[in-house]
Q: 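Before anything else, here's the structure in question.
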Amino acid sequence: MSKPIIQFSKASFGFPGRIALDEITLEIMEGEFVGIIGPNGSGKTTLLRALLGLIPPISGQVHIFDCACEKLRCHHRARIGYLPQKDRVDPDFPVTVFEAVLMGRFSSIGLLRRPSRADDEIVRHALEEVGMAEHAETPLGHLSGGQQQRVFIARALAQQPQVLLLDEPTTGVDMPTQQTILELIKKLHETLRLTILLVTHDINMIVPFVNRLALLKTKLYAAAPPKEVLTKEILSQVYGKQIMVTEKGFVIVGDYHHA
Amino acid sequence: MLEIMAYGFMQRALLASVLIGILCSVIGVFVVLKGLSFIGAGTAHAAFAGVALAFLLDLNPMGMAVLFGLMTVWITGLLVEKGRMKLDVSIGIFYTSTMALAILFIGFMKVYNAELYGYLFGSILSVTPSDLTVIAGLGLVVLVALFLFYKELQFIAFDQEMAEASGIPARTLFFLLISLIALTIVVSLKAVGAVLVYAMLLIPAATAYQLTRSMKGMMIVSILFGVLSSVAGMFLSFVMDIPSGAAIVLLATALFFLSVLFSPKRRKPLRPAKAQEP
C-alpha cells in the first residue's frame with residue numbers, strides 16, 4: 001500500500017467572510033494523474049498555490065512529501081514543478097527560450113554556483129521533450145502563446161520534479177495545440193512516473209488522460225475516476241441545471257462564461 | 001584640456017564617475033526589468049534626509065545616508081509585499097514625505113550649507129579621498145553581490161513568484177536586491193545628487209532595453225551608456241561650471257532619445273489569434 005504523496009485534511013483557505021476553499025479532504029497517491037475541474041472561481045488555482053505553500057490554510061492541514069505546505073523549504077519546492085496560469089509573465093523580458101528553461105535548474109544548482117554542462121544537457125533534453133529544441137536561441141517574446149506554454153512546461157521539467165502542478169495549461173491556445181500539450185503531459189506522466197495535478201475548465205478534453213477527476217466548487221464534491229464523477233447527479237450539484245451528459249459520456253456545460 | 005587631469009580632484013572625479021556610472025547602469029537593469037523605479041525615488045530623498053540630519057548633528061553623512069536609505073528601502077519592500085505599494089498615491093506620498101523630512105532638517109540648520117546642496121544636485125568635482133574610499137568600497141560590495149547572485153536575481157526579475165515556487169529563497173534575495181539599490185543610491189549621491197539619482201538608475205538601462213534582446217547584452221550596453229554619460233557629464237560640469245547631476249542626466253536623456261529613434265526593436269507582428277473558448 002503506498003502512502004499518499006499529497007494530503008489535504010479538512011483544509012480551508014481564504015479570509016473569514018470570503019472562503020476560497022472549504023474543508024478540503026483529499027489524498028493523492030504517488031504517480032496519479034488527477035484532473036481538477038469546476039467552474040471559474042471555484043478555488044482550483046488556490047488549491048495549487050496552497051500546495052506550494054504560497055497560501056497558508058486558515059484551518060486544517062495540507063501536506064506534501066510528508067511536510068506541512070506552509071513550512072515548505074526550498075528543497076521541497078524544488079521537487080514540485082509548477083506551470084502557473086498563462087499571461088502572468090512579461091514576454092518582452094530579454095530572455096531566450098534556453099535561458100528561460102535554465103531557470104528551472106537554479107534551485108538544484110544552488111546559490112553561488114554556476115550552471116554546469118550537465119544542467120545544459122537537462123535543459124536541452126527538456127526542450128526536446130516539448131518539441132521546442134530548435135527554438136533554443138529564440139527570444140521568448142517572439143513565440144506564440146502555445147509555444148511559450150511549451151517552454152514553461154520545459155522549465156517545470158528541467159527542475160526534474162516528482163510532482164507537476166499545471167494551472168490551465170491549455171487555455172488560450174488553439175485546439176490542435178491543446179491536444180498536443182495534453183498528449184505531451186500524458187507521455188511525461190507515463191515515462192517519468194510523475195504525480196500530476198492539472199487544473200482545467202475543459203472537462204471533455206481531460207477525460208481520456210486522467211486517473212481521477214476532482215470536482216471543486218469551494219467544496220470538494222467528488223474525487224473519483226471520470227465515469228463515476230461525470231454523472232448528472234454529481235455535476236448538477238456544482239453546475240446546477242446547466243449541465244448535460246450525453247450517452248457517450250460527453251459533458252455539455254451551458255451558459256458558461258469564461259473569465 | 002588634458003592638463004586638468006593632473007589635478008587630484010579631477011582624477012577623483014573621473015574615478016568616481018566611472019564607478020558610479022557602472023553601478024547605476026548595472027543595478028538599473030534590475031530596476032527597469034522589475035519595475036522598481038519608484039523605490040529609487042523615495043529612497044534617494046530619504047538618503048538625502050540622512051545626510052541633512054548628519055550635517056545637523058555633526059555625524060558622518062555617508063553613514064547616515066546608508067542608514068536612512070536601507071531603512072526606507074526595507075519598509076518599501078514590506079509594503080510591496082503586502083501589495084500596498086501598487087497605488088501611485090502611496091508612491092506619491094512616500095516620494096514627497098521623505099523629501100519633506102529632508103527639508104525639515106535643512107530648516108533646522110540656520111546656516112546655508114553649500115556642501116549639503118552638493119548632495120542634492122550633485123557635485124562630483126568635490127569628491128574627497130575619503131568619499132572615494134566609501135564609493136569604491138560600497139560599490140565593490142554591490143558588484144560582488146550582483147555577481148554572486150546573478151542567476152537568482154535574473155529569475156526574480158523575470159518572475160519572482162515562480163522563482164519562489166521553484167525552490168529559490170526569492171523573498172530574501174528580493175530584499176537583498178533592494179538593499180543593493182539603496183547602497184547604489186547612497187554611493188551616487190555625490191555625483192548625481194538626490195534629486196536626479198533615480199534617473200541614473202533608469203535611463204542607461206532603459207536605453208539599453210531599446211537596443212538589446214538579452215540580459216547580458218542589456219547590462220553591457222547599459223554600462224556603456226552609463227559610463228559615457230557619467231564621464232562626459234563630469235567634464236561638462238567642469239567646463240561649464242554647472243551642477244554635475246544636471247549635466248550627467250541630460251546627456252543620458254539625450255542618448256536615450258537617440259536610442260529610441262534608432263531602436264532595432266520594431267513592434268512585434270500580431271501573434272496568432274487566441275482560440276475562442278466554447
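Naming convention: chains lettered A, B, ... in sequence-line order (proteins, then strands); numbering from 1 in each chain.
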Q: Please round to the nearest 0.5 Å and tell me the distance separating atom CG of A:Leu166 and atom CG of A:Leu48.
A: 8.0 Å
Q: Pick out which of A:Leu198, A:Leu197, A:Leu165, A:Leu213 makes a side chain to side chain contact (heavy atoms under 4.5 Å, CB included) with A:Ile36.
A: A:Leu197
Q: If I measure from the heavy atoms of chain A, does B:Phe149 come under 4.5 Å with its side chain, its backbone, both, or neither?
A: side chain
Q: Of all of B:Lys151, B:Met215, B:Lys216, which one pairs up most often with chain A through heavy atoms under 4.5 Å apart?
A: B:Lys151
Q: By a 4.5 Å heavy-atom criterion (distance strictly below it), what part of B:Tyr150 contacts chain A: side chain, backbone, both, or neither?
A: neither
Q: Can a side-chain donor-acceptor contact be found between B:Glu164 and B:Gln160 if the only test is distance below 3.5 angstrom?
A: no
Q: Apply the test side-chain contact (heavy atoms from CB on, under 4.5 Å) to residues A:Phe8 and A:Phe13: give CA-CA distance (whole Å), side-chain angles for both, the deciding distance (0.1 Å), then the verdict.
A: CA-CA 11 Å; A:Phe8 285 82; A:Phe13 299 87; 4.3 Å; yes
Q: Less than 6.0 angstrom from the centroid, inside 45 degrees of the normal: does A:Arg114 satisfy that with respect to the ring of B:Phe147?
A: yes
Q: Identify which part of B:Met218 has an atom lying under 4.5 Å from any heavy atom of chain A, answering side chain, backbone, both or neither.
A: side chain
Q: Heavy-atom cut-off 4.5 Å, strictly under: side chain, backbone, both or neither for A:Arg79 against chain B?
A: neither
Q: Counting only non-hydrogen atoms closer than 4.5 Å, does A:Leu112 touch chain B with its backbone (N, CA, C, O), its side chain (CB onward), both, or neither?
A: both
Q: Go through the atoms of B:Ala170 and report whether side chain, backbone, both or neither lie under 4.5 Å from a heavy atom of chain A.
A: neither
Q: Out of A:Thr96, A:Val95, A:Leu52, A:Leu111, return the one with the most heavy atom pairs under 4.5 angstrom to chain B.
A: A:Leu111
Q: If we define contacts as heavy-atom pairs under 4.5 Å, which of B:Ala163, B:Ser214, B:Gly217 has the most with chain A?
A: B:Ser214
Q: Which heavy-atom pair separates B:Trp74 from B:Ser179 by the least distance, and what is that distance?
A: NE1-OG, 2.9 Å
Q: Less than 4.5 Å to any heavy atom of chain B: does that hold for the side chain of A:Ile109, its backbone, both, or neither?
A: side chain
Q: For the residue pair A:Glu137 and A:Phe98, what are the closest heavy atoms and their distance?
A: OE2-CB, 4.3 Å
